[in-house]
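Residue indices begin at 1 and follow the sequence shown.
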Amino acid sequence: SNEHRVIVEATPRIPLKAGGVVSSRNRMDFRFIDDEYSWRYRNRLMIEKALKVKSFDFSPWARVEVYYDHKVTKWSRTTFSGGITIPFGKHYEIEAYYEHQNDTSRSPNRQVNALGIALNLFF
């Protein structure tokens with residue numbers, strides 16, 4: 001299939017007294033899939049905390065994301081994930097994580113468990 005998206009998102013970040021940060025990303029996906037229009041709202045709640053052990057910097061985190069899909073008119077997907085981010089240099093970080101996803105948009109439910117590694121670049 002052929003998909004085009006327009007994405008609008010906002011992410012308030014709230015510092016915690018214990019030194020961590022809570023963020024709530026709110027995202028709208030305006031989707032055109034094979035010339036059919038639909039939209040999806042996604043909210044991702046995340047908690048993270050930067051830590052340092054000797055000279056080793058890292059940030060453990062946990063997040064949950066829920067999806068409302070206009071096409072199926074319900075909250076159709078939930079994702080739980082947890083991981084660790086390790087920065088190196090000024091512009092790079094590696095993120096290792098575990099993720100569980102439950103998709104109820106079709107019957108039967110589809111579940112995915114995954115391990116992942118991502119390289120993030122900042123410029």
Side-chain angles (χ1 to χ4, degrees):
S1 65
N2 190 9
E3 180 174 349
H4 299 279
R5 292 184 194 179
V6 175
I7 297 170
V8 178
E9 70 179 43
T11 309
R13 295 174 52 86
I14 302 162
L16 300 172
K17 290 182 181 182
V21 175
V22 171
S23 60
S24 177
R25 183 186 74 181
N26 294 279
R27 177 174 170 168
M28 288 293 298
D29 297 336
F30 301 98
R31 306 166 75 198
F32 301 88
I33 304 170
D34 293 332
D35 297 325
E36 184 179 332
Y37 171 74
S38 68
W39 58 268
R40 182 170 62 184
Y41 169 72
R42 301 165 61 172
N43 177 261
R44 183 179 75 190
L45 185 63
M46 181 173 181
I47 186 166
E48 59 188 307
K49 183 170 181 169
L51 300 172
K52 186 171 193 162
V53 175
K54 296 188 180 183
S55 63
F56 181 67
D57 292 319
F58 62 101
S59 297
W61 54 266
R63 65 183 171 219
V64 60
E65 186 167 10
V66 293
Y67 298 64
Y68 180 87
D69 193 336
H70 160 261
K71 197 171 189 175
V72 294
T73 64
K74 68 178 185 173
W75 294 95
S76 62
R77 184 180 296 171
T78 307
T79 303
F80 299 95
S81 30
I84 186 170
T85 302
I86 303 168
F88 59 97
K90 288 185 175 183
H91 302 286
Y92 310 98
E93 66 184 24
I94 290 194
E95 185 176 86
Y97 61 91
Y98 164 77
E99 184 169 290
H100 172 79
Q101 183 181 91
N102 184 36
D103 188 341
T104 62
S105 63
R106 298 184 189 124
S107 183
N109 290 0
R110 292 174 291 165
Q111 295 193 10
V112 175
N113 292 295
L115 294 174
I117 295 178
L119 172 63
N120 299 315
L121 309 173
F122 301 98
F123 297 98

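In this structure, Tyr92 and Phe123 have perpendicular ring planes: the angle between them is above 60°, well past the 30° mark.
Tyr68 places a side-chain heavy atom less than 4.5 Å from the side chain of Thr73.
Side-chain atoms of Asp29 do not come within 3.5 Å of backbone N or O of Arg31 as any donor-acceptor pair. The closest donor-acceptor contact from the side chain of Asn26 to the backbone of Ser24 lies under 3.5 Å. The backbone N or O of Asp34 sits nowhere less than 3.5 Å from a side-chain atom of Asn2 that would complete a donor-acceptor pair.
The side chain to side chain contact (heavy atoms under 4.5 Å, CB included) check on Thr78 picks up Val64, Val66, Phe80, with sequence neighbours excluded.
Cation-pi check for Arg40 over Tyr67 is not met; the charged atom does not lie both under 6.0 angstrom from the ring centroid and within 45 degrees of its normal.
Using a 4.5 Å cut-off between side-chain heavy atoms of Ile, Leu, Val, Met, Phe, Trp and Tyr, with links allowed through other members, Val112 and Trp75 fall into different hydrophobic clusters.
Residue Ile94 holds its CD1 atom at 4.5 Å from CZ of Phe88, rounded to the nearest 0.5 Å.
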Derivation and outcome, side chain to side chain donor-acceptor pair (under 3.5 Å), residues Arg110 and Ser105 = CA-CA 9 Å; Arg110 292 174 291 165; Ser105 63; 3.2 Å; yes

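The existence of a salt bridge linking Arg5 and Glu3 is confirmed by a sub-4.0 Å separation between a basic side-chain nitrogen and an acidic carboxylate oxygen. Arg42 has no carboxylate O lying under 4.0 Å from a charged side-chain N of Glu9, or vice versa, which leaves the two without a salt bridge.
Around CD1 of Ile117, the count of heavy atoms belonging to other residues, nucleotides or ligands within 6.0 Å does not exceed 12. Counting heavy atoms of neighbouring residues, nucleotides and ligands inside a 6.0 Å radius, atom CD of Glu36 does not exceed 12 of them.
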For residues 44-54, run the donor-acceptor check on the side chains, cut-off 3.5 Å, and write out each pair with its distance to 0.1 Å, sequence neighbours left out.
unit_1: Glu48; atom_1: OE2; unit_2: Arg13; atom_2: NH1; d: 3.3
unit_1: Lys49; atom_1: NZ; unit_2: Ala18; atom_2: O; d: 2.7

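Looking at Arg27 and Thr11, their side chains never bring a donor and an acceptor atom within 3.5 Å of each other.
Exactly one of Glu99, His100, Gln101 qualifies for a side-chain hydrogen bond (donor to acceptor under 3.5 Å, both in side chains) with Asn113. That residue is His100.
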